[in-house]
Number of protein chains: 2
Amino acid sequence: MDHIDQEILQLLKNNGRMTSSEISRQVHLSVPAVSERIRKLEESAVIDRFTVKLNREQLGQQLLAFIMVQLEKPEHVEEFRKVILQADSVLECHHMAGAYDYMLKVALSGTKELERLISDTIKQVPGVVKTNTMIVLSSMKEEM
Amino acid sequence: MDHIDQEILQLLKNNGRMTSSEISRQVHLSVPAVSERIRKLEESAVIDRFTVKLNREQLGQQLLAFIMVQLEKPEHVEEFRKVILQADSVLECHHMAGAYDYMLKVALSGTKELERLISDTIKQVPGVVKTNTMIVLSSMKEEM
DNA sequence: GCGATATCCAGAAAAATTCCTGTTCTTTTC
DNA sequence: GAAAAGAACAGGAATTTTTCTGGATATCGC
């Protein structure tokens, strides 16, 4: 992980489909050298994976929110996990230290769908005793 | 945006570097047809951009946290924005409805760096009157 | 010093992409 | 309902990229 690797990662963060030959021109290395570096970054798990960032608004998910969840007892975690992993509108779920046990980041079409998610999905899980929802007005920064 | 486009997006989410020829085999279309569809998805901004998901732990950022920030008056927003955009450890910054004005998602090496970020960077911004930091213990889901 | 490992480059073969053309299918319009 | 216009697709050629070799150079540990 030298400074050239960092340059390569920076370029790939901006454009994950940038070709090795284009990268090679920017970092002043040969094409095989760049390909080999990328391969090793993947192998060493520094690069988790290549992906595509979609525009949520274009996909009808105009509403972004954070939902904090208090789970009564650890015995309910498995059921909770299953529900969360299946819910497409839940982008992230973090186990937290503090007053609440879980923090969810969710993307939905609007408040109707948010209401359904909270009432019909999250609060239906046994052990969920309290939630606290915070609505996002706008996002000034959003990387990975 | 038909079901084939959705298939293509799903494939690209799992592997952003999947070649058009590989995709064409999976969705039973010709290579030019797939390329054209991807081009249009980019043009219509459904695809924001291609990128790479890095492994934060491998990069020495073992600590993930959310910081909620209360900003006294809107006149301090510009200064706040500048500081946030420059801070590499701040992954996300959302303007919120509710008790706090901003929600930050930050990734750092540890509590020392977190302390510096809060005390020396965020709280130094004029107008920041209150913060509330929540530490992530583990993440069971994290997409985009 | 000396071997072992790693990194690099150059060139060739394989693969993928792009571009072009012709065809089919859908949609529009009369 | 039929003809025209437009969009989407498949096939093939030219270009670019990737991958795979072989060999040179540098680095590290002994």
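All values below come from the heavy atoms of this structure, side chains included, with hydrogens, waters and symmetry mates left out. The chains referred to below are lettered A, B, ... by the order of the sequence lines, with proteins before strands, and numbering in each begins at 1.
Rounded to whole Å, the distance from CZ on R39(A) to C1' on dA6(C) is 12 Å. What separates CD of E36(A) from C1' of dT5(C) is a distance of 13 Å, to the nearest Å. Atom CG in L29(A) sits about 14 Å away from atom C1' in dA6(C), given to the nearest Å.
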Derivation of the side chain to side chain donor-acceptor pair (under 3.5 Å) call for E92(A) and H94(A): CA-CA 7 Å; E92(A) 303 181 15; H94(A) 307 278; 2.7 Å; yes
Do R56(A) and E142(A) pass the side chain to side chain contact (heavy atoms under 4.5 Å, CB included) test, and can you show the C-alpha distance, the side-chain angles, and the key distance before you say yes or no? CA-CA 12 Å; R56(A) 287 194 290 268; E142(A) 192 165 16; 2.9 Å; yes
Dump the intermediate steps for side chain to side chain donor-acceptor pair (under 3.5 Å) on E57(B) and Q61(B), then the final yes or no. CA-CA 5 Å; E57(B) 264 124 44; Q61(B) 300 182 322; over 6 Å; no
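By the 4.5 Å side-chain criterion applied to Ile, Leu, Val, Met, Phe, Trp and Tyr, V69(B) is assigned to a cluster that also includes M140(A), L63(B), I67(B), L71(B), V77(B), F80(B), V83(B), I84(B), V90(B), Y102(B), L104(B), V106(B), L108(B), L114(B), L117(B), I118(B), I122(B), V125(B), V128(B), I135(B). Residue V31(B) belongs to no hydrophobic cluster, having no ILVMFWY side-chain heavy atom closer than 4.5 Å to its own.
Within the helix from dG1(C)-dC30(D) to dC30(C)-dG1(D), the inter-axis angle between the opening and closing five-pair segments is 50°, rounded to 10°.
Side chains of S119(B) and E115(B): no donor on one and acceptor on the other come within 3.5 Å.
Chain A approaches DNA chain D within less than 4.0 angstrom (heavy atoms of the protein), and the contacting nucleotides run 5' to 3' from dT17(D) to dC20(D).
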Which nucleotides of nucleotides 15-22 of chain C have their base under 4.0 Å from a protein heavy atom (B), which only their sugar-phosphate (S), and which neither (-), written as one string 5' to 3'? -SSBB---
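Nearest heavy atoms, E79(A) versus P126(A): CG-CD, 3.9 Å. Listed here is the closest heavy atom pair of A45(B) and N55(A): O-CB, 2.9 Å.
Remark: side-chain polar atoms of S24(B) are paired, donor with acceptor, to backbone N or O of S21(B) under 3.5 angstrom.
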For residues 5-15 of chain B, tabulate all N or O donor-acceptor pairs below 3.5 Å that involve a side-chain atom, not counting sequence neighbours.
unit_1: D5(B); atom_1: OD1; unit_2: R37(B); atom_2: NH1; d: 3.0
unit_1: N15(B); atom_1: OD1; unit_2: R17(B); atom_2: N; d: 3.0

